[in-house]
Amino acid sequence: MQETRRRILESLSDAPVSGPALADELDVSRAAVWKHIEALREQGFEIDSRDNGYVLLGTPEFGGAGVEYGLSAPFEIEYHDSIGSTNDRARELAAAGESNVAVLADEQTGGRGRLDREFSSPSGGIWISLVCRPDIPPAQAPIYTLAAAVATTEALRDVGVDAGIKWPNDVLVDGRKLVGILTEMEGEADRVSWIVVGIGINANIDADAVPETATTIRELVGDVDRSELTRTLIERFEELRSDPESVLPAWCNAATTLGQRVRVQTSNGDVVGEAVDIEFPGTLVVATDDGDERVSAGDCEHLRPT
Ligand code: BT5
């Protein structure tokens, strides 16, 4: 959000402030203050003009300005009511050199999962892709998927949803999928150029608009303030990526996979056994009949105990 507008909103959030007082405080002309107020109104901020000054009565429900207002993480929001895929748009921005942008949409018409599977993304969801340019080797990129899963799970628990991570990229409630994560990247042998972390949350959506194996926040606890949830998610993601060592312990708290019997389908065949540990940057250790196996990618299924 533009800095002057952010400061105007901050001033108005405490008490009414007159146009001249705002102009003095921000060191701009009164006409400029008026233009900023008009622009904020257009973005959906409800600002009343009263005898004692401007009053902030309401903030936009969901959208770029609604999410950026009060966000304490260095991400700009690019919002779309409807888009093909936020990951596709984020990849475009990344390829053009952008960083720390979150592409956010209310609806996706071409949402993608791993291996180009379809990801249904009707209006009412939180479909978001974070463009990052970390200074890490490509082999460490999976830590970003884990960080996104932790940030999302914690944000969901804050609103009363009893979510848990299934390795590596799903967030489930009672065995049904509430969130999918798709991490994509480009890089050279020793260094990542960019990473796009795409997160899809079935938020304020009817259960019959998502696959039968899925659930939605609306179904579980009723509708939530999507702007606030998105801010919590981005802020937590920011903390985790700034301190990669903190990701695995937080992941262990938020995940349900450790201690479970699992079947992981990998490109080299199935690995079946008990998930006993997670290692940096996201490798699952499975105790099989033939000893421990380490798996870095695959589709994981939690099996019933034998
Ligand atoms: C994923 O793939 O779960 C990753 C999904 C990532 C979606 C986000 S939304 C923002 C960004 N933009 C995109 O275009 N993508 C990202 P995977 O593990 O391959 O799971 C895909 C499977 O999940 C499908 O084959 C369905 O079985 C199931 N599925 C489809 N839509 C779903 C939904 N809305 N909720 C839960 N499960 C769904």
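Whatever order the structure lists them in is the order used to number ligands and atoms, beginning at 1. Quick caveat: nothing in here was measured; it's all calculated off a predicted structure.
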Undergrad: What is the nearest protein non-hydrogen atom to atom 5 (C) of ligand 1, stated with its residue, atom name and distance?
TA: Phe119 CD1, 3.4 Å
Undergrad: Number the atoms of ligand 1 from 1 as they appear, then name those within less than 4.0 Å of a heavy atom of Asn202, with their elements.
TA: 33 (C), 34 (N), 35 (N), 36 (C)
Undergrad: Under 4.0 Å from a heavy atom of Gln108: give me the atoms of ligand 1 that qualify, with their elements.
TA: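 In order of number, 9 (S), 10 (C), 11 (C), 12 (N), 13 (C), 14 (O).
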Undergrad: Once you restrict to heavy atoms under 4.0 Å, what part of Ser129 touches ligand 1? Side chain, backbone, both or neither.
TA: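 The side chain, only.
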Undergrad: Any idea which part of Arg117 is under 4.0 Å from ligand 1, heavy-atom wise: side chain, backbone, both or neither?
TA: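 Only the side chain of Arg117 comes within reach of ligand 1.
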Undergrad: Does ligand 1 have an atom under 4.0 Å from some heavy atom of Leu115?
TA: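 Contact check Leu115 vs ligand 1: negative.
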Undergrad: State the atoms of ligand 1, each with its element, that fall below the 4.0 Å cut-off from a heavy-atom position in Gly111.
TA: 14 (O)
Undergrad: Would you mind running through ligand 1 and noting each atom that sits below 4.0 Å from a heavy atom of Leu182?
TA: 6 (C)
Undergrad: Is it true that Glu118 lies under 4.0 Å from ligand 1, counting heavy atoms only?
TA: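 Checking ligand 1 against Glu118, which is what was asked, there is a heavy-atom contact under 4.0 Å.
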Undergrad: Which one of Gly113, Cys300, Ala214 has a non-hydrogen atom at the shortest distance from atom 36 (C) of ligand 1?
TA: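 Result: the heavy atom closest to atom 36 (C) of ligand 1 is in Ala214.
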Undergrad: Which heavy atom of Ile128 sits nearest to which heavy atom of Leu104, and what is that distance?
TA: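 Heavy-atom minimum between the residues: CB-CD1, 3.9 Å.
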Undergrad: Identify the closest protein heavy atom to atom 29 (N) of ligand 1: which residue and atom is it, and at what distance?
TA: Pro211 CG, 3.7 Å
Undergrad: Does atom 27 (O) of ligand 1 have any protein heavy atom closer than 4.0 Å?
TA: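 Given the 4.0 Å cut-off, atom 27 (O) of ligand 1 does not count as touching protein heavy atoms.
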Undergrad: Hey, is Asp299 touching ligand 1 through its side chain, its backbone, both or neither, going by heavy atoms under 4.0 Å?
TA: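 Neither; no heavy atom under 4.0 Å.
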Undergrad: Consider only side-chain heavy atoms of I, L, V, M, F, W and Y, link residues closer than 4.5 Å, and tell whether Leu56 and Tyr54 are in one cluster.
TA: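 They do share one cluster, since a chain of ILVMFWY contacts under 4.5 Å joins Leu56 to Tyr54.
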Undergrad: Is the closest basic N to carboxylate O distance between Glu92 and Arg89 below 4.0 Å?
TA: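 Counted as a salt bridge, because a side-chain N and a carboxylate O are separated by less than 4.0 Å.
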Undergrad: Supply the atom-to-atom distance Glu38 CD to Ile47 CD1, rounded to the nearest 0.5 angstrom.
TA: 9.0 Å
Undergrad: For ligand 1, which atoms have a heavy atom of Thr86 less than 4.0 angstrom away?
TA: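 Every atom of ligand 1 under 4.0 Å from some heavy atom of Thr86: 10 (C), 11 (C), 12 (N).
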Undergrad: Could you list the atoms of ligand 1 found under 4.0 angstrom from a heavy atom of Ile199?
TA: 8 (C), 9 (S), 10 (C)
Undergrad: If I compare all heavy atoms of Asn202 with all of Lys177, which pair ends up nearest, and what's the gap?
TA: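 Residues Asn202 and Lys177, closest heavy atoms: ND2-O, 3.7 Å.
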Undergrad: Can you tell me the protein heavy atom closest to atom 8 (C) of ligand 1 and the distance?
TA: Gly200 N, 3.7 Å
Undergrad: Between Glu68 and Arg5, is there a salt bridge with N-O shorter than 4.0 Å?
TA: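 Here Arg5 does not pair with Glu68 in a salt bridge, since their nearest N and O are not under 4.0 Å apart.
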Undergrad: Taking all non-hydrogen atoms of both residues into account, name the closest pair between Gly125 and Phe62 and its distance.
TA: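 Closest heavy-atom pair between Gly125 and Phe62: O-CE2, 3.9 Å.
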Undergrad: Identify whether Val150 and Ile143 are in the same connected component of the hydrophobic contact network (ILVMFWY, side-chain heavy atoms under 4.5 Å).
TA: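 Val150 and Ile143: one cluster.
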Undergrad: How does Leu178 reach ligand 1, by side chain, by backbone, by both or by neither, if only non-hydrogen atoms under 4.0 Å count?
TA: neither
Undergrad: Can you report which non-hydrogen protein atom sits closest to atom 31 (N) of ligand 1, along with the distance?
TA: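 Its nearest protein heavy-atom neighbour is Ser120 N, 2.9 Å.
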Undergrad: Heavy atom of Thr213 under 4.0 Å from ligand 1?
TA: no
Undergrad: Hey, is Glu239 close enough to Arg236 for a salt bridge, meaning N to O under 4.0 Å?
TA: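 Salt bridge: yes.
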Undergrad: Out of all atoms in ligand 1, which are within 4.0 Å of some heavy atom of Ser85? Include the element for each.
TA: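 The atoms of ligand 1 under 4.0 Å from a heavy atom of Ser85 are 12 (N), 13 (C), 14 (O).
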Undergrad: Judged by atom type as modelled, is there a donor-acceptor pair below 3.5 Å linking the side chain of Trp127 to the main-chain atoms of Ile201?
TA: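 Flag not set: sc Trp127 to bb Ile201 has no pair under 3.5 Å.
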Undergrad: Could you tell me the separation between the OG1 atom of Thr145 and the CD1 atom of Ile165, rounded to the nearest 0.5 Å?
TA: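 One finds 11.0 Å between OG1 of Thr145 and CD1 of Ile165.
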Undergrad: Any atoms of ligand 1 less than 4.0 Å from a non-hydrogen atom of Arg112? List them with their elements.
TA: 5 (C), 6 (C), 7 (C), 13 (C), 14 (O), 15 (N), 16 (C)
Undergrad: Atom 18 (O) of ligand 1: which of Arg114, Arg176, Glu184 has the nearest heavy atom?
TA: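 Ranked by closest heavy atom to atom 18 (O) of ligand 1, first place is Arg114.
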Undergrad: Write out the residue and atom name of the closest protein heavy atom to atom 3 (O) of ligand 1, then the distance separating them to 0.1 Å.
TA: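 Sorting protein heavy atoms by distance from atom 3 (O) of ligand 1 puts Lys177 NZ, 2.7 Å first.
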Undergrad: Got a second to check how far Arg41's CZ is from Glu46's CD, nearest 0.5 Å?
TA: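 If we round to the nearest 0.5 Å, Arg41:CZ and Glu46:CD are 10.0 Å apart.
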Undergrad: I need the minimum non-hydrogen distance between Thr86 and Ala105, along with the two atoms involved.
TA: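 Distance-wise, the nearest heavy atoms are CG2-CB, 3.7 Å.
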Undergrad: Nearest 0.5 Å please: distance from the CD1 atom of Ile181 over to the CG atom of Asp170.
TA: 8.0 Å
Undergrad: Would you call Ser121 a ligand 1 contact, heavy-atom distance under 4.0 Å?
TA: no
